[in-house]
Amino acid sequence: MIFVTLTDLRVKERCFEQREALPGEPRCVICGRYGEYICDQTDDDICSVECKTALLARIAAETKIPVKAPARVKVPFGDESFCVRDNNFPDIPSLHASQIASLRNKLDICVKGEAIPDPIMCFSSCGLPEKLVHNLDAAGYTMPTPVQMQVIPASISNRSLLVSADTGSGKTASFLVPIIAHCSRRELQQSESKRGPLAIVLAPTRELCLQVEDQAKVLGKGLPFKTALVVGGDPLAQQIYRIENGVELIVGTPGRLIDLLMKHNVDLTDVSVFVLDEVDCLLERGFRDQAMQIFRALSCPQVMMFSATIHPEIEKLSNSLLNNMIHISCGNPGKPNKSVRQVVIWVESKQKKQKIFEIIKRVLGRGMDLVKVHQVILFDMPNSIDEYIHQVGRASRMGKEGVAIVFVNEEDRKLFGELAQVLKTAGAPIPRELSNSKFTSSVSLGTDRKRKLSSRAHS
Ligand SMILES: Nc1ncnc2c1ncn2[C@@H]1O[C@H](COP(=O)(O)OP(=O)(O)OP(=O)(O)O)[C@@H](O)[C@H]1O
């Protein structure tokens with residue numbers, strides 16, 4: 001339990017809220033940022049509640065002896081006591097409802113549904129296999145992101161979820177962690193009996209499936225947890241062979257998975273978790289029938305759906321399919337990640353190539369360390385503002401600053417209104433040609449001033 005006394009939650013919960021340490025200032029022993037506070041348990045310099053929890057979790061893991069419940073963290077704040085529960089110390093009272101609400105409010109976590117489990121403050125406080133917690137730490141996941149804080153406990157409670165969160169906010173691990181925990185538990189309970197897969201993750205593209213499976217392997221290392229990739233471009237026979245030899249998780253694209261299910265007798269009886277990543281894309285016309293066909297082939301699984309852009313019709317469809325679903329929304333979904341600086345440049349199509357070389361010659365001339373620069377150049381505007389949000393989101397991961405350069409011209413006029421609105425919301429400069437275009441409604445720019453009707457107007 002960490003007692004911090006504070007008035008308006010001004011204590012830094014997350015380490016990314018803390019500033020860098022200036023020369024000669026104390027540094028946080030976990031992340032190296034300014035060590036604003038002292039951990040009363042170890043007298044180490046720490047920068048935030050997050051890093052204090054990580055420090056105690058690390059000590060507990062290393063000493064295997066639960067660190068005794070710490071008393072008060074001396075924090076120079078006022079009169080409201082804020083108790084953060086850590087399930088490492090189960091006898092400690094959990095958070096009060098008002099404190100849960102404050103925490104969710106502070107971390108931009110919105111929830112909708114019945115009997116929603118409390119968010120977790122660290123991976124070691126929700127009964128995950130120790131090896132999984134170790135793998136998370138080894139992967140640099142010292143603390144859960146806000147979406148993981150809320151999704152993991154809700155998923156472990158077997159609830160169906162509809163999750164919208166910013167691009168780059170850690171949605172993948174938020175569904176993989178509970179899947180790996182679930183599969184490892186089932187495997188240990190029924191290791192003798194041969195079973196079919198226990199979970200399926202559906203994603204719209206081969207590349208995304210490869211990325212999800214890679215992350216699953218990293219987090220599931222050393223646990224009774226095997227994966228199979230079912231995507232086009234790889235021999236189907238090998239994929240079937242691997243599944244028939246026993247896997248816990250299948251990660252695949254709808255088309256290849258349907259192929260496999262129609263032509264080969266893959267036993268899906270044991271599949272109890274079905275994840276749709278980039279669900280808005282999977283429920284679009286092209287994929288919807290296939291995704292629904294797979295869903296109907298399963299026996300009432302727990303369904304978890306994720307995307308950075310979820311529209312009301314997706315929510316309506318999900319509510320019609322699933323009982324007692326929880327809707328979790330984190331950050332500012334449906335808009336470009338706030339950490340991405342958007343630079344929209346007006347370029348006629350025939351001049352785009354020339355422009356891009358100028359930019360690259362300029363990004364290379366200054367010797368920028370390209371490995372660190374998160375930069376995306378959209379040579380062509382995508383077909384929808386949702387795709388624009390996903391594409392520029394490549395430039396920022398985990399809140400790290402990024403830059404997205406976008407070429408736009410009259411050919412993209414159907415998106416001018418939405419693009420101007422997104423740029424205006426993000427405070428990004430809007431090219432004159434875009435703001436002056438007749439296709440950019442003044443409403444998008446917020447310059448539309450309805451004349452106020454006042455009593456004088458009637459007289
Ligand atoms: N708890 C964590 N601590 C540190 N890094 C993390 C954590 N969770 C995820 N990451 C890293 O953050 C990056 C973004 O994660 P991920 O791809 O899951 O985001 P996402 O929300 O799925 O993004 P998108 O919507 O763009 O697909 C990845 O590099 C991942 O390794």
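First listed ligand is number 1; within each ligand, the first listed atom is number 1.
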Peer 1: Check for me whether Gly140 has a heavy atom closer than 4.0 Å to any atom of ligand 1.
Peer 2: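 In this structure, Gly140 qualifies as a contact of ligand 1 - some heavy atom is under 4.0 Å.
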Peer 1: Mark the output for Ser169 as yes if a heavy-atom distance to ligand 1 is under 4.0 Å, and as no if none is.
Peer 2: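 Yes, that is the case, since the closest heavy atom of the residue is under 4.0 Å from the ligand.
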Peer 1: Closer than 4.0 angstrom: is that true for some heavy atom of Asp166 and an atom of ligand 1?
Peer 2: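 Asp166: in contact with ligand 1 (<4.0 Å).
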Peer 1: Is a side-chain N or O of Gln148 found less than 3.5 angstrom from the main chain of Thr145, in a donor-acceptor match?
Peer 2: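 Yes.
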Peer 1: Quick check on atom 2 (C) of ligand 1 - does any protein heavy atom sit closer than 4.0 Å to it?
Peer 2: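 Under 4.0 Å from atom 2 (C) of ligand 1, at least one protein heavy atom found.
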Peer 1: Would Ala173 count as a polar contact of ligand 1, with the cut-off being nitrogen or oxygen pairs under 3.5 Å?
Peer 2: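 No, since none of the N or O atoms of Ala173 sits under 3.5 Å from an N or O of ligand 1.
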Peer 1: Does the protein put a heavy atom less than 4.0 Å from atom 29 (O) of ligand 1?
Peer 2: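 No; the ligand atom in question lacks any protein heavy-atom contact below 4.0 Å.
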Peer 1: For atom 19 (O) of ligand 1, find the nearest protein heavy atom and state the residue, atom name and distance (0.1 Å precision).
Peer 2: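 Its nearest protein heavy-atom neighbour is Gly170 N, 3.2 Å.
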Peer 1: May I ask you to check whether Ser160 and Gln302 show a side-chain donor-acceptor distance below 3.5 Å?
Peer 2: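 There is no such pair between these side chains.
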Peer 1: Between Arg159 and Glu114, does at least one N-O distance fall below 4.0 Å, as a salt bridge requires?
Peer 2: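 Glu114 and Arg159: not salt-bridged.
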Peer 1: Under a 4.0 Å N-O cut-off, is there an ion pair linking Arg206 with Asp234?
Peer 2: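 Salt bridge present between Arg206 and Asp234.
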Peer 1: Quick test: of every protein heavy atom, which one is nearest to atom 31 (O) of ligand 1, and how far off is it to 0.1 Å?
Peer 2: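 Heavy-atom neighbour on the protein nearest atom 31 (O) of ligand 1: Tyr141 OH, 2.6 Å.
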Peer 1: So Phe274 and Phe295, would you call those rings parallel, tilted or perpendicular, with 30° and 60° as cut-offs?
Peer 2: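 Parallel: the ring planes of Phe274 and Phe295 meet at under 30°.
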Peer 1: Output all residues satisfying salt bridge (Lys or Arg N to Asp or Glu O under 4.0 Å) with Asp386, sequence neighbours left out; order by chain, then residue number.
Peer 2: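 Checked Asp386 against salt bridge (Lys or Arg N to Asp or Glu O under 4.0 Å); zero matches.
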Peer 1: What I want to know is whether Gly168 and ligand 1 share at least one N or O pair that is separated by under 3.5 angstrom.
Peer 2: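 Yes.
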Peer 1: Considering only protein heavy atoms, which is closest to atom 25 (O) of ligand 1, and at what distance to one decimal place?
Peer 2: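 Scanning the protein heavy atoms, the shortest distance from atom 25 (O) of ligand 1 goes to Lys171 NZ, 2.7 Å.
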Peer 1: Under a plain distance cut-off of 3.5 Å, with no hydrogens placed, do Gln342 and Tyr388 share a side-chain donor-acceptor pair?
Peer 2: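 Side-chain D/A pair, Tyr388 to Gln342: present.
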Peer 1: For His390, state whether at least one heavy atom is located under 4.0 Å from any atom of ligand 1.
Peer 2: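 Flag not set, His390 not near ligand 1.
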Peer 1: Looking at Lys414, I want to see if its NZ is surrounded by more than 12 non-hydrogen atoms of other residues, nucleotides or ligands under 6.0 Å.
Peer 2: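 Yes, the 6.0 Å shell around NZ holds more than 12 heavy atoms from other groups.
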